[in-house]
Amino acid sequence: MNKFIESIKNIFRIEDLRTRILNTLFFIAIYRLGVYVVLPGVDPTRLKTGAEGLFGILDTLLGGAFSNASIFALGIMPYISASIVLQLLTIAVPYFQKLQKEGESGRKKINQYTRILTIPIVLAQSVGFIATINADAIINPGTFFTVSTMIIITAGTLFCMWLGEKITDKGIGNGISMLIMIGIVSRLPGAIIGEAVAKGVNKSLIFLLEMVVLFLVVMAVIVLTQAVRRIAVQYAKQVGGTTQLDAQRQFIPLKVNAAGVMPIIFAQSLMFVPAIVASVWQNQSDMASYIGVKFSDYTSWQYNLTFALLIIIFTYFYTAISVNPNQIADDLKRSGGFVPGVKPGRDTSEFIDEILTRVTLPGAVALALIAIFPAIALLLGVTRPFSAFYGGTSLIIMVGVVLDTVNQVQSYLLMQHYDGMMKSGKLRGRTAQPISVAS
């Protein structure tokens with residue numbers, strides 16, 4: 001404990017790091033304030049309390065901005081959608097593939113295209129959002145309200161984008177991810193209190209058991225996020241002028257979960273298709289009615305089995321487009337590196353691809369289990385708000401952002417010759433020399 005307190009003191013001794021942390025807190029405070037600013041023309045006392053289904057998940061990621069009908073009602077989610085579209089375009093469109101290979105200048109152009117694409121996406125989504133507001137909460141419905149609300153929501157999303165970029169530039173951590181994480185964390189205290197009240201004194205032991213299980217699930221997500229399969233790489237001796245560099249042994253870290261949270265996001269977007277299609281034919285077919293009922297209930301085994309299979313499929317798909325074994329093998333060959341016992345070039349590429357395929361399977365299965373665990377927790381008696389923190393998108397995003405932020409703080413401490421945040425359990429990569437893999 002004394003070591004941790006000393007690390008906190010060291011953090012605030014570094015002027016640049018202290019300034020970045022204060023800037024981050026300031027920008028986060030602005031974002032959270034905007035969550036409670038209701039759209040003009042909406043009576044907040046008549047709004048529905050809470051959201052369910054897809055809207056409930058979205059409201060959790062936005063920290064209540066959606067159900068509050070705030071000026072940040074869509075937050076940075078349209079920007080995330082635009083980022084996904086651009087990422088897919090870099091696979092299918094040669095122009096974007098070329099931009100991706102141009103380094104920093106190419107990334108700047110892709111980011112600019114992402115910002116531009118965000119505008120039509122948020123305009124389209126704002127129309128759908130207006131339709132979710134209950135009619136009696138709108139004071140003066142009409143064309144003026146619709147157009148003005150679309151403009152305000154679009155401006156709110158662009159402002160959230162600006163806040164995220166400012167956090168990245170002048171704060172600590174990834175700004176966009178940080179805003180999502182703060183929205184999720186803001187719901188956690190209320191969920192814990194609600195669960196404690198629901199269990200009461202008579203079931204206090206059950207509540208403590210639930211907290212222990214939550215802790216174990218968080219630890220499992222941390223392991224899944226940090227787990228890597230290391231491939232040893234050897235570099236031959238290099239002679240430059242009068243100096244000779246000895247052979248170096250490094251490694252290629254292949255992440256067990258290279259796809260991150262993206263497979264869950266893709267799978268969730270598809271899970272609403274069966275229910276929507278079945279609703280069209282429910283009056284004409286008993287099977288359509290059955291499918292509509294089962295796929296509208298995210299605790300049914302049919303929903304969770306399909307959800308888990310989609311996550312496994314998308315994990316393989318996203319890993320395949322994120323990690324390119326051919327590029328890794330070519331980079332190794334150009335830099336004079338080789339995998340011991342494997343010929344450079346094609347054999348190295350096939351070797352890396354085989355290992356990547358093997359390690360992706362347990363990662364995909366673990367990701368699927370974490371995704372369906374909130375439904376299991378709900379069936380076991382956990383309240384709906386608290387069960388959302390037992391897995392799924394929310395928990396993976398929280399863990400990922402916290403680990404990334406801790407890594408950055410750790411780097412600042414090490415650069416200033418201070419001890420790290422933990423006396424033991426050093427973060428992976430501090431004492432080794434990994435070779436970066438495209439992600």
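Computed from a prediction, not measured in an experiment: that's the story for all the values here. Heavy-atom basis, side chains included; hydrogens, waters and symmetry copies ignored.
Residues satisfying the salt bridge (charged side-chain N to carboxylate O under 4.0 Å, His left out) test with Arg115, not counting sequence neighbours, are Glu165. Checked against salt bridge (charged side-chain N to carboxylate O under 4.0 Å, His left out), Asp16 has the following partners two or more places apart in sequence or in another chain: Arg20.
Contact of the Ile231 side chain with the Phe351 side chain is registered, since non-hydrogen atoms from C-beta on lie closer than 4.5 Å. Counting heavy atoms from C-beta on, the side chains of Val147 and Ile151 come closer than 4.5 Å. By the 4.5 Å heavy-atom criterion applied to side chains, Ile372 and Ile311 are not counted as neighbours. Here the side chains of Asn68 and Val38 are not in contact, with every heavy-atom distance at 4.5 Å or above. You'll find the side chain of Phe389 stays beyond 4.5 Å of the side chain of Val217, heavy atoms only. For the pair Leu22/Phe26, no side-chain contact is recorded, criterion being any heavy-atom separation below 4.5 Å from C-beta on. Two residues are said to be in side-chain contact when any heavy atoms from C-beta on lie closer than 4.5 Å; Leu99 and Thr90 fail this criterion. Looking at Ile376 and Tyr390, their side chains never come closer than 4.5 Å, going by heavy atoms from C-beta outward.
Although no hydrogens or angles enter the test, the distance criterion places a donor-acceptor pair under 3.5 Å between the side chain of Thr157 and the main chain of Gly75. When atom types are taken as modelled, the side chain of Ser387 and the backbone of Arg384 share a donor-acceptor pair closer than 3.5 angstrom.
Distance check: Thr45 OG1 to Leu47 CG gives 7.5 Å after rounding to the nearest 0.5 Å. Considering CZ of Phe159 and CD1 of Ile76, their distance stands at 14.0 Å, rounded to 0.5 Å. Thr319 OG1 to Leu356 CG: the interatomic distance, rounded to the nearest 0.5 Å, is 6.0 Å. Distance check, rounded to the nearest 0.5 Å: CG of Leu369 to CG of Leu224 gives 10.0 Å. In this structure, CZ on Phe373 lies 12.0 Å from CG on Leu378, to the nearest 0.5 angstrom. One distance of note links CG of Leu310 with OG1 of Thr315; it measures 10.5 Å at 0.5 Å rounding.
Ile153 pairs with exactly one of Val122, Val127, Ile71 by the side chain to side chain contact (heavy atoms under 4.5 Å, CB included) rule, that one being Val122. Remark: of the listed residues Ile14, Ile172, Asp404, Ile172 is the sole one forming a side chain to side chain contact (heavy atoms under 4.5 Å, CB included) with Val409.
The heavy-atom pair separating Met178 from Gly173 by the smallest distance is CE-CA, 4.4 Å. Across every non-hydrogen atom of Val218 and Leu395, the tightest pair is CG2-CD1, 3.8 Å. Residues Phe145 and Asn140 share a closest heavy-atom pair of CB-O, 3.5 Å. Contact record, Leu158 with Ile119: CD2-CG1, 4.2 Å, taken as the closest heavy-atom pair. Of all heavy-atom pairs between Tyr316 and Thr357, the closest is OH-O, 3.3 Å. Residues Leu179 and Cys160 come closest through the heavy atom pair CD1-O, 3.5 Å.
Taking the six-membered ring where the residue is Trp, Phe307 and Tyr303 present tilted rings, their angle falling between 30° and 60°. Taking the six-membered ring where the residue is Trp, Phe27 and Trp162 present perpendicular rings, their angle passing 60° and hence far from 30°. Ring pair Phe129/Phe66 is perpendicular by interplanar angle, where above 60° counts as perpendicular and below 30° as parallel.
Arg18 CZ: more than 12 foreign heavy atoms inside a 6.0 Å radius.
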Item to check | Verdict with supporting geometry, Ile328 and Val323, side chain to side chain contact (heavy atoms under 4.5 Å, CB included) | outcome: CA-CA 8 Å; Ile328 298 173; Val323 183; 3.8 Å; yes
Item to check | side chain to side chain contact (heavy atoms under 4.5 Å, CB included) evaluation trace for Ser81 with Gln125 | outcome: CA-CA 11 Å; Ser81 302; Gln125 291 182 353; 3.9 Å; yes
Next on the checklist: Using side chain to side chain contact (heavy atoms under 4.5 Å, CB included), reason through Met398 and Val221 one step at a time and then give a plain yes or no.
Outcome noted: CA-CA 10 Å; Met398 279 196 303; Val221 174; over 6 Å; no
Checklist entry - Should Thr225 and Asn257 be marked as a side chain to side chain contact (heavy atoms under 4.5 Å, CB included) after you check the CA-CA gap, both sets of side-chain angles, and the distance that decides it? => result CA-CA 6 Å; Thr225 304; Asn257 180 28; 5.5 Å; no
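Within the structure, the side chain to side chain donor-acceptor pair (under 3.5 Å) test picks out the following pairs touching residues 198-207 (sequence neighbours left out): Glu195-Lys199, Lys199-Glu210.
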